[in-house]
Amino acid sequence: MTELRRVYIETYGCQMNVADSELMFGVLGRDGYVRTETPEDADVMLVNTCAVRDNAEQRVVGRVGELQRHKRAGGVLGVVGCMAQRLGPALLAGAPRVDLVVGPDAYRNLPELIDLACGGERLSDTEFRSWEHYEDIPALRQKGPTAFVTVQRGCDYRCTFCIVPQTRGPERSRNLADVEREVAGLVLQGTSEVTLLGQTVNSYHDGQHDFADLLRGVGGIDGLQRIRFTSPYPTDFTPRVIEAMAVTRAVCEHVHLPVQSGSDAVLRRMLRRYTIERYLEVMTQLRRAVPGITFSTDIIVGFPGETEAQFDATLSLVAAADFDDAYTFKYSVREGTPAVRLKDHVPDDVASWRLGRLVETVRANVRRKNMARIGETHEALVERPARRGTLMLGRTRGNHLVLLDLPPTAAGEYHTVRFTGTTGSTFTGSVVQPQMAVL
Ligand code: 5AD
């Protein structure tokens, strides 16, 4: 290559997409590309997409339309990620100015594909490569105290609403030693918190080691203060995993535990492999083993056949489970998923009404819990400047966000903070001065 080419990547969707974009910067960095933060001065523009709901895809369609305007002569516009995988070459046919369509298992080929696109070809690579871990390619991350580390790719569960098995292929886990090596390297560069990523991350198994071994192994790395992971599957919290969480100091007291519905009948139609009784039992076991643990969840409303009574069961669950946070979604039909064949689709206005009620219920519960936390003291890791104003954003081990009056240079520091107020969702806090020793 004769000159440096500038690449811009815009990322939609989950944390694994954020990690995949860092991986793509790694792939392209090896080939002499440099990163740019704006599409205007990019030679190559990639949109890393999500396919989990229709509105996520519609946003991308709109955005690709806008990005086309920035495409310079000889420039390349690519759609990558789960939507690219789902639609494949059809996406090229529907979007004449898109040159490249690349799925999550084909990022290794990006330099070659981009070269071909520069030569005027329009092409797609959406082959599944179930061996692919990109083990030899270091991700190019933004420097900071926190980092995402993918430990498992793909998914072998078959939740009937979910497109991910079709976009990310079969489940496979990285070797424990490789993960440990990567995390140790990150710590040397100043990272003190990692989030381990996988579609059903606690079903991690590298052939010899399970998720409990992973937590203990990563938790033993010198200098690493915090471990988070997302997203676990409720029934993969084996006693071994719960025990590893309890004894590994770095594992944070927070679990994102997607429940999807509060009704056993709906869970059965979703092919979730637990009942609400079992789900609550897992929560109880975790609360017992990890004092002070907090929970967030994902909930879908309007799944086919969901009756008013079944929706009410979801509202009741929010109270029974006492979630600290919840991400709520209206069911979105995904072509290629088993739920497409289910009857009794819930009318959109009914689903919207249910979503509104659920959001209100969650908000009220979270506000009540957070108000009660005012005055508590917690360890906060200062992550970065807040989006507005001059305050810094910190995060507690329990995953609460807290705004702190600290200078930008405080990023990466750990402080003991007291919650002084809450908006209902995030907190304001003050740094607690360490007590002077009494002589
Ligand atoms: N419709 C609505 N929400 C969905 N999710 C996954 N698939 C769908 C769908 N078809 C939600 C689930 C999952 C989260 C990442 O997205 O709640 O946990």
Side-chain angles (χ1 to χ4, degrees), residues 11-20 48-60 81-83 85-87 104 148 150 152-168 171 195 197-203 228-237 255-263 266-267 269-274 276 279 282 295-306 310-311 314 317-318 321 323 325-342 344-348 350-356 358-359 362:
T11 308
Y12 292 84
C14 64
Q15 284 137 320
M16 193 169 290
N17 265 8
V18 175
D20 279 354
N48 190 3
T49 60
C50 171
V52 116
R53 282 172 295 276
D54 185 57
N55 55 9
E57 291 199 350
Q58 291 314 316
R59 267 179 71 203
V60 164
C82 287
M83 183 180 170
Q85 184 70 40
R86 191 177 86 76
L87 297 173
F148 294 132
T150 301
Q152 175 201 55
R153 302 182 74 88
C155 188
D156 280 350
Y157 284 73
R158 288 293 174 270
C159 306
T160 56
F161 52 80
C162 189
I163 193 71
V164 168
Q166 278 89 293
T167 64
R168 287 190 172 271
E171 175 184 322
T195 303
L197 300 180
Q199 299 300 328
T200 54
V201 70
N202 54 343
S203 73
R228 302 182 185 281
F229 53 84
T230 201
S231 283
Y233 193 86
T235 47
D236 285 321
F237 277 110
V255 169
H256 181 68
L257 193 61
V259 67
Q260 313 299 359
S261 168
S263 151
V266 175
L267 290 174
R269 288 201 295 280
M270 289 176 163
L271 226 75
R272 298 291 285 180
R273 306 174 186 192
Y274 50 85
I276 288 302
Y279 179 90
V282 171
F295 289 97
S296 52
T297 196
D298 289 341
I299 302 174
I300 297 174
V301 301
F303 189 71
E306 184 187 69
Q310 289 166 352
F311 169 66
T314 294
L317 176 74
V318 171
F323 295 117
D325 203 2
Y327 300 86
T328 52
F329 312 102
K330 192 158 72 170
Y331 171 67
S332 170
V333 193
R334 308 279 61 211
E335 209 52 60
T337 61
V340 167
R341 294 190 296 273
L342 292 177
D344 303 325
H345 275 247
V346 175
D348 190 61
V350 175
S352 295
W353 182 83
R354 288 181 188 170
L355 184 64
L358 178 62
V359 167
V362 166

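Ligands are counted one by one from 1 in listed order, and the atoms in each one are counted from 1 as well. These values consider heavy atoms only, across backbone and side chains, with no hydrogens, waters or symmetry-generated copies.
Counting only N and O atoms by type, the side chains of D298 and H256 include a donor and acceptor under 3.5 Å apart.
Between P258 and R272, the shortest heavy-atom contact is O-NH2, 3.1 Å.
In this structure, Y274 and Y233 have perpendicular ring planes: the angle between them is above 60°, well past the 30° mark.
The side-chain hydrogen bond (donor to acceptor under 3.5 Å, both in side chains) search around S352 returns K330, not counting sequence neighbours. Not counting sequence neighbours, Q166 has no partner by the side-chain hydrogen bond (donor to acceptor under 3.5 Å, both in side chains) test. Judged as a salt bridge (Lys or Arg N to Asp or Glu O under 4.0 Å), and not counting sequence neighbours, the contacts of R153 are D20.
For ligand 1, the 4.0 Å heavy-atom shell takes in V52, R53, F161, Q260, D298, I300, F329, K330, Y331, S332, R334, ordered by chain and residue number.
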